[in-house]
Novice: 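Pasting a structure below so you can have a look.
Atoms within each ligand, like the ligands themselves, are counted from 1 in listed order. Note that the numbering runs from 1 along the sequence shown for the chain.
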Amino acid sequence: MYFRPRTLQEAVHTLASHGGHILSGGTDFFPALGDRPAPSPIVDISALGEIRGISIEPDHIRIGGLTTWTEVIRSPLPRCFDALKSAAREVGSIQIQNRGTVAGNLCNASPAADGVPPLLALDADVELVSTSGMRRIPLCNFIVGNRKTLRRPDEMLSAMIVARKLDDARSTFRKLGARRYLVISIAMVAAVVQTDQADRVTEARVVVGSCSVRAQRLAQLERDLVGARATAGWGSVVTQKHLTGLSPIDDVRATAEYRRDAARTLVERALEDCVEKG
Ligand SMILES: Cc1cc2nc3c(=O)[nH]c(=O)nc-3n(C[C@H](O)[C@H](O)[C@H](O)COP(=O)(O)OP(=O)(O)OC[C@H]3O[C@@H](n4cnc5c(N)ncnc54)[C@H](O)[C@@H]3O)c2cc1C
């Protein structure tokens, strides 16, 4: 069975009465099937115009559940979204960016999902809808493990919401892969750093992905950065102790030891990226 609802209302009713697998851009969905036939029923949400696109509201920014990576790249957004935009440019290829959605990336919940660290650094919430209504939960609680989220089978992710608290903060994304393009991350880092007029840090959020079953904020480092001056060389404040919360694994892409080392270097470089130039 295959459904292609035209409205959000129709979509949640279809999920409630038939269950089924949500299909969005399909860029994780189809590769994950391998040689298996497509599951049934499929609820293809790609015609739901009402959850496509980004809206900028006075107190928050809403990224609709069908927003593609290309739309993120092309939308004018505050500076604190630079990390998300950089991540978007690094997801697969142009074709993948045109089809793949940010919501699909979060719901798939791969430890190597490039969208997760920038959105965690923005302290984003996710909005889930079903016939029972709508609920909003912080992204940091939504992803609970490797490909595991708190989404119930009858729920759809309708939006990601970012409160406009740090619009002017500097933000960056660094990804290490085995080659430059079309590559799954070995380690990645997103950072958002807010400073005062003297370049002293008032708030810092630093997140490492691909080095644990889910991306991790480096809480101790974030605390240590507050009050520091964000000037050239300040990345040297990072020590391995700041990364003790990570639990990287050995796999075909890298050893755990290499990942830990790479993560530290990426965090240092991310902090250097956040130094105001000129
Ligand atoms: C060649 C290639 C390269 C890639 N490179 C990268 C990369 O560099 N970095 C990276 O992070 N990813 C990469 N990906 C993975 C993929 O493109 C992204 O994760 C993409 O954002 C997934 O979005 P989608 O809309 O295609 O999701 P889909 O494949 O349609 O869905 C993915 C999962 O999320 C669920 N889902 C989707 N949307 C919703 C929703 N709104 N509500 C509830 N559940 C939903 C689906 O049921 C499914 O389980 C790559 C994939 C390919 C094929």
Novice: Below 4.0 angstrom from a heavy atom of Glu90, which ligand 1 atoms are there? Numbered from 1 as shown, please.
Specialist: 8 (O)
Novice: Report yes if some heavy atom in the side chain of Thr67 is under 4.5 Å from a heavy atom in the side chain of Thr101; otherwise report no.
Specialist: no
Novice: How about Arg259 and Arg253: do any of their side-chain heavy atoms sit closer than 4.5 Å?
Specialist: yes
Novice: Please examine the side chains of Val189 and Leu176, heavy atoms only from C-beta on, and report whether any two atoms are closer than 4.5 Å.
Specialist: no
Novice: Could you find the nearest protein heavy atom to atom 39 (C) of ligand 1 and give me its residue, atom name and distance?
Specialist: Ile22 CG2, 3.8 Å
Novice: For the pair Asn105 (side chain) and Gly115 (backbone), establish whether a donor and an acceptor sit closer than 3.5 Å, ignoring hydrogens and angles.
Specialist: yes
Novice: With a cut-off of 4.0 Å, which atoms of ligand 1 are near a heavy atom of Gly100?
Specialist: 23 (O), 24 (P), 25 (O), 26 (O)
Novice: Test your reading of the model: is there a side-chain donor-acceptor pair from Arg170 to the backbone of Cys274, 3.5 Å cut-off?
Specialist: yes
Novice: Below 4.0 Å from ligand 1: does a non-hydrogen atom of His21 turn up there or not?
Specialist: no
Novice: Mind checking the CG-CZ spacing from Leu122 to Arg205? Nearest 0.5 Å is all I need.
Specialist: 7.0 Å
Novice: May I ask which of Asp44, Thr101, Ile45 has a heavy atom nearer to atom 23 (O) of ligand 1 than the others do?
Specialist: Thr101
Novice: List every atom of ligand 1 that sits less than 4.0 Å from any heavy atom of Ala112, numbering the atoms from 1 in the order shown and giving each element.
Specialist: 11 (O)
Novice: Below 4.5 Å, heavy atoms only, C-beta onward: do Asn146 and Arg214 meet side chain to side chain?
Specialist: no
Novice: Which of the listed options, Gly104, Gly209, Ala11, holds the heavy atom that is closest to atom 33 (C) of ligand 1?
Specialist: Gly104
Novice: Have a look at Ala159, Cys107, Gly115 and point out the one with the heavy atom closest to atom 36 (N) of ligand 1.
Specialist: Cys107
Novice: Looking only at distances, can you tell me whether any N or O atom of Gly26, backbone or side chain, sits closer than 3.5 Å to an N or O atom of ligand 1?
Specialist: yes
Novice: Look at atom 13 (C) of ligand 1 and say which protein heavy atom is nearest, naming residue and atom and giving the distance to 0.1 Å.
Specialist: Val91 CG1, 4.0 Å
Novice: Run down the list Asp114, Asn105, Leu66 and name the one with the heavy atom closest to atom 12 (N) of ligand 1.
Specialist: Asn105
Novice: Would you mind telling me if ligand 1 is within reach of the side chain of Lys175, the backbone, both or neither, using heavy atoms under 4.0 Å?
Specialist: side chain
Novice: Where the side chain of Gln97 meets the backbone of Thr68, is there a donor-acceptor pair that is under 3.5 Å apart?
Specialist: no
Novice: Please confirm whether Pro31 comes within less than 3.5 Å of ligand 1 when only nitrogen or oxygen atoms on both sides are compared.
Specialist: no
Novice: Can you tell me the protein heavy atom closest to atom 4 (C) of ligand 1 and the distance?
Specialist: Gly92 CA, 3.8 Å
Novice: Quick one: does Val183 get within less than 4.0 Å of ligand 1, heavy atoms only?
Specialist: yes
Novice: Is there a heavy atom in Trp69 that sits closer than 4.0 Å to ligand 1?
Specialist: yes
Novice: Is any side-chain heavy atom of Arg52 less than 4.5 Å from a side-chain heavy atom of Glu71?
Specialist: yes
Novice: What protein heavy atom lies closest to atom 38 (N) of ligand 1? Include the residue and the distance to one decimal.
Specialist: Ser24 CB, 3.5 Å
Novice: Should Arg99 and Asp28 be marked as a salt bridge (Lys or Arg N to Asp or Glu O under 4.0 Å) after you check the CA-CA gap, both sets of side-chain angles, and the distance that decides it?
Specialist: CA-CA 11 Å; Arg99 286 297 306 171; Asp28 273 318; over 6 Å; no
Novice: Please list the nearest protein heavy atom to atom 52 (C) of ligand 1 with its residue and the distance rounded to 0.1 Å.
Specialist: Ile96 CD1, 3.6 Å
Novice: Below 4.0 angstrom from a heavy atom of Leu182, which ligand 1 atoms are there? Numbered from 1 as shown, please.
Specialist: 1 (C), 3 (C)
Novice: Is it the case that ligand 1 has an N or O less than 3.5 angstrom from some N or O of Phe29?
Specialist: yes
Novice: At a 4.0 Å threshold, what atoms of ligand 1 neighbour a non-hydrogen atom of Asp28?
Specialist: 15 (C), 16 (C), 18 (C), 19 (O), 20 (C), 22 (C), 26 (O), 29 (O), 32 (C)
Novice: What part of Leu157, side chain from CB on, backbone N/CA/C/O, both or neither, has a heavy atom under 4.0 Å from ligand 1?
Specialist: both
Novice: What I want to find out is whether Arg62 reaches Glu57 closely enough, with some N-O distance under 4.0 Å, to be called a salt bridge.
Specialist: no
Novice: Distance under 4.0 Å to a non-hydrogen atom of Gly25: what atoms of ligand 1 satisfy this?
Specialist: 24 (P), 25 (O), 26 (O), 30 (O)
Novice: In the structure I gave you, are the side-chain heavy atoms of Phe81 and Ile63 within less than 4.5 Å of one another anywhere?
Specialist: yes
Novice: Take atom CG of Leu150 as the centre, draw a 6.0 Å sphere, and report whether it contains more than 12 heavy atoms from other residues, nucleotides or ligands.
Specialist: yes
Novice: Is it the case that atom OH in Tyr258 sees more than 12 heavy atoms from other parts of the structure closer than 6.0 Å?
Specialist: no
Novice: Does some non-hydrogen atom of the protein lie less than 4.0 angstrom from atom 49 (O) of ligand 1?
Specialist: no
Novice: Against heavy atoms of Ala113, which atoms of ligand 1 measure under 4.0 Å?
Specialist: 11 (O)
Novice: Do Ile61 and Leu106 sit in the same hydrophobic cluster, where Ile, Leu, Val, Met, Phe, Trp and Tyr count as joined when their side-chain heavy atoms come under 4.5 Å apart?
Specialist: yes
Novice: Using a strict cut-off of 4.0 Å, indicate which atoms of ligand 1 neighbour a heavy atom of Thr27.
Specialist: 16 (C), 17 (O), 18 (C), 20 (C), 22 (C), 23 (O), 24 (P), 26 (O), 29 (O), 51 (C), 52 (C), 53 (C)
